[in-house]
Amino acid sequence: MPQDNAAHKENARLDALDRLQIMHSGYEQPFDRIVRMVANLFDVPNVGIHLLDDSNQWVKAFEGQRFACPRDQSVCQFILEINELMVIPDLREDVRTRELAIVSGPPHLRFYAGMPLITSDGYTVGTLCLIDMQPRAGLDKAQQTQFQEFAALITEVMELRVHYQRTAQALHKATEFDAVTGLYNRVALIREGQRLLGQAGNDAATAVIKVRLDRMNLVLGSFGQQGGLAVMQTIAGRLSALSEPPVLLGRGNGNNFVLIRIGTDTDSQATLELWLNDMASRILTAVTQPIALAEHSINLTASLGLALMDNNTAVYHVVDAASAASLGSRELGGNQARRFSAEEFSAFRDRINIEAELRKAFSEQLFELHYQPIIDMSEQGQIRGAEALIRWPRPGNLPIGPDQFIPVAEEIGIISELGLWVFSTACRDLASWQQGRQLWIAVNLSPVQLTDPQLTDKLVSRAQAAGVSCSQIKLEITEGALETEYDSVSKTLRELHQAGFMLAVDDFGTGHSSMNRVIRMPFDALKVDRGFVSDCPDGAGAAVVTSMGALADQLNMELIAEGVETASQEAFLLQHGYRLAQGYRYARPMPADAFSNYLNTSPS
């Protein structure tokens, strides 16, 4: 039993040494600096950091001579037994050491002082040694303390070194691989594809398949973020099973995957054509297989884009072409594969350029707000509030409306910060217009913003900084925001309402959220879409306007009509309980200065 225990302890010690990942690691400046400092402090010609495995003494750093030798011929072996400072003034006089080859023969060592290197979990992995060819006196108390401190410093550096290496590996993994699926991320995938293309020769061809998952919004709406991640992992596993070398597989940005195959000497363009068609068919079959999720079975489809280019075309260019083709597939209903076309690619490149321009406009704050008055039809057109509408001036370019650039801002991840800018700017403008007026400002919130758990705190602090009350801000939320991540969105809406903000359902009647969800939320107002208002008084939409008036009355909600343009529309709305309205009949959206002048010349 004692032998078994000793063997167990030795195995545990060797495991601790292995975890340090330091054996055979070569020169490292921190350790060399330490041995030089120790040599100078103790005035000895030889200092070494020695590591002891099961059979050898390895030198990690040294000053003076290097003393690598078998473990059973080293002086350091005895420190493993006592696990504390060992000082031998004359090695020839000590029965343990006088027969060692390095003592009885060259280099004829005489003095030795060794301090164990003990890890934080209590294992001795080596020693810090003072060595001389002449006998010396022992170390005094102060020297022993200093020696111990240096040994402790060495083990701390060793362990910090391991921590740094692991952190560097984790960082590399984070920058190279997608955290959800474990696949290459888009940047690393394209870089690896380009590397392989460079090895394949000047005439090499590149084939790419872009897999864009359809209907993921329904998954998120029904099963939340965790459900969405589970689906991505399942699809990643299925695609991995189909993608054997030399095929590269990675996750793109969002709910999509990319497969890349670089042509080699044995891969003709015809071979790659066959691969594209065969792989596309297999992918569509794999994606459409049912997925078990939270005791449910769900079915997805995918929009595939295929691209093949030769003459050593840059890989990112081929990936972009496949992305454009996948968008065309999605627009046709999905669950199919489409080949790249020049027209689709041109439209896709325009989209990429808009993204770049949008990022630049965001970083340089090139947006501005316009305001459209919201008036009280029952009080001779008195102004009750205004809706803040973001505009993107593009000198020298065709204008792009919010309905076009807001979805792009959501996709590239700047919508939350852009929304906060809109809110802050609107609050400051409202503060400058108050002057005794009872005005409120309507500000649109993106569905993405509503998933931020800190949104309420952010908006309250900005309203307070501008000097306006939360009750003067009407936050407009589209019905679509209630379709996804309902639990977190409803929690945020309740927090906003409790903070004093007014809440309105924007474009009511055009979304697909259930009425049950709308009436259970703390909304103060329904904003009826202009499409229904334009049908009044005689079109089909007039019935919808009428029913919404009755609904709002029952739910004790305020009604706001959008897009009012004629006197007959206004009369119809008043007849059916509508009081507030906005539209070209009263004023078009205008810059802040023009709205200020409009206020001063309008009924108060």
Side-chain angles (χ1 to χ4, degrees), residues 370-389 401-403 406 439-447 473-483 489 493 497 501-590 598 602-603:
H370 286 198
Y371 297 90
Q372 185 171 36
I374 298 175
I375 64 94
D376 189 332
M377 296 182 292
S378 64
E379 294 290 340
Q380 292 76 46
Q382 289 185 3
I383 300 174
R384 297 302 185 201
E387 181 179 5
L389 300 166
D403 58 327
I406 290 297
L439 286 175
W440 46 262
I441 288 289
V443 179
N444 293 279
L445 290 184
S446 163
I473 311 295
K474 192 185 298 280
L475 301 174
E476 297 189 355
I477 297 96
T478 63
E479 281 189 78
L482 304 180
E483 295 178 25
V489 168
L493 290 178
H497 199 260
F501 293 105
M502 297 182 287
L503 302 179
V505 184
D506 193 16
D507 297 335
F508 186 64
T510 61
H512 302 285
S513 61
S514 70
M515 184 63 67
N516 183 54
R517 288 186 172 186
V518 173
I519 64 176
R520 291 184 182 277
M521 291 294 97
F523 288 113
D524 303 287
L526 298 179
K527 199 166 186 183
V528 181
D529 183 66
R530 67 183 67 247
F532 299 121
V533 173
S534 65
D535 269 359
C536 297
D538 301 317
V544 179
V545 172
T546 302
S547 63
M548 288 183 183
L551 174 66
D553 183 59
Q554 290 293 319
L555 298 176
N556 196 28
M557 290 185 185
E558 190 173 56
L559 279 165
I560 305 172
E562 286 188 306
V564 180
E565 297 186 2
T566 66
S568 60
Q569 290 171 353
E570 181 184 273
F572 184 86
L573 292 166
L574 282 168
Q575 180 184 350
H576 290 91
Y578 289 75
R579 185 170 59 88
L580 299 178
Q582 65 186 96
Y584 289 176
R585 172 166 172 76
Y586 314 108
R588 292 176 177 269
M590 61 193 81
Y598 182 85
S602 299

**OP:** Could you please spell out the steps behind the side-chain contact (heavy atoms from CB on, under 4.5 Å) verdict for Leu503 and Ile477?
**Re:** CA-CA 7 Å; Leu503 302 179; Ile477 297 96; 4.2 Å; yes
What distance separates [X] [atom1] from [Y] [atom2], expressed to the nearest 0.5 Å?
X      : Y      : atom1 : atom2 : value
Ile374 : Ile383 : CD1   : CD1   : 10.5 Å
Ser534 : Glu562 : OG    : CD    : 11.5 Å
Lys474 : Ile441 : NZ    : CD1   : 11.5 Å
Leu389 : Asn444 : CG    : CG    : 7.0 Å
Arg585 : Thr566 : CZ    : OG1   : 7.0 Å

**OP:** List the steps, then state whether side-chain contact (heavy atoms from CB on, under 4.5 Å) holds for Met377 with Glu570.
**Re:** CA-CA 7 Å; Met377 296 182 292; Glu570 181 184 273; 3.5 Å; yes
Please find the pair of heavy atoms, one from [X] and one from [Y], that lie closest to each other, and give the distance.
X      : Y      : value
Gly563 : Val533 : O-CG1, 4.1 Å
Arg579 : Ser378 : CG-OG, 3.3 Å
Ala552 : Leu526 : CB-CD1, 4.2 Å
Arg588 : Pro373 : O-CD, 4.4 Å
Ala442 : Glu476 : CB-OE2, 3.3 Å
Thr478 : Pro447 : OG1-CG, 4.4 Å

**OP:** Please step through side-chain contact (heavy atoms from CB on, under 4.5 Å) for the pair Asp538 and Phe572, ending with a clear verdict.
**Re:** CA-CA 10 Å; Asp538 301 317; Phe572 184 86; over 6 Å; no
Original post:
Quick one: which of Val545, Val544, Thr546 gives a side-chain contact (heavy atoms from CB on, under 4.5 Å) with Cys536?
Top reply: Val545
**OP:** Using side-chain contact (heavy atoms from CB on, under 4.5 Å) as the criterion, point out the one residue from Leu559, Leu573, Ile560 that pairs with Val528.
**Re:** Leu559
Original post:
Do Gln582 and Glu387 get their side chains close enough for a donor-acceptor pair, meaning under 3.5 Å?
Top reply: yes
Original post:
Any side-chain donor-acceptor pair under 3.5 Å between Gln372 and Tyr584?
Top reply: no
**OP:** Start with the C-alpha distance between Lys527 and Glu558, add both sets of side-chain angles, then the distance that settles salt bridge (Lys or Arg N to Asp or Glu O under 4.0 Å), and finish with yes or no.
**Re:** CA-CA 8 Å; Lys527 199 166 186 183; Glu558 190 173 56; over 6 Å; no
Subject >> side-chain contact (heavy atoms from CB on, under 4.5 Å) evaluation trace for Leu493 with Phe523 >> reply: CA-CA 9 Å; Leu493 290 178; Phe523 288 113; 4.0 Å; yes
Subject >> Any side-chain heavy-atom pair of Val564 and Tyr586 under 4.5 Å >> reply: yes
Original post:
For Asp403, does the CG atom sit with more than 12 other heavy atoms under 6.0 Å from it, leaving out its own atoms?
Top reply: yes
Subject >> Check: Phe501 ring centroid to His497 ring centroid under 6.0 Å >> reply: no
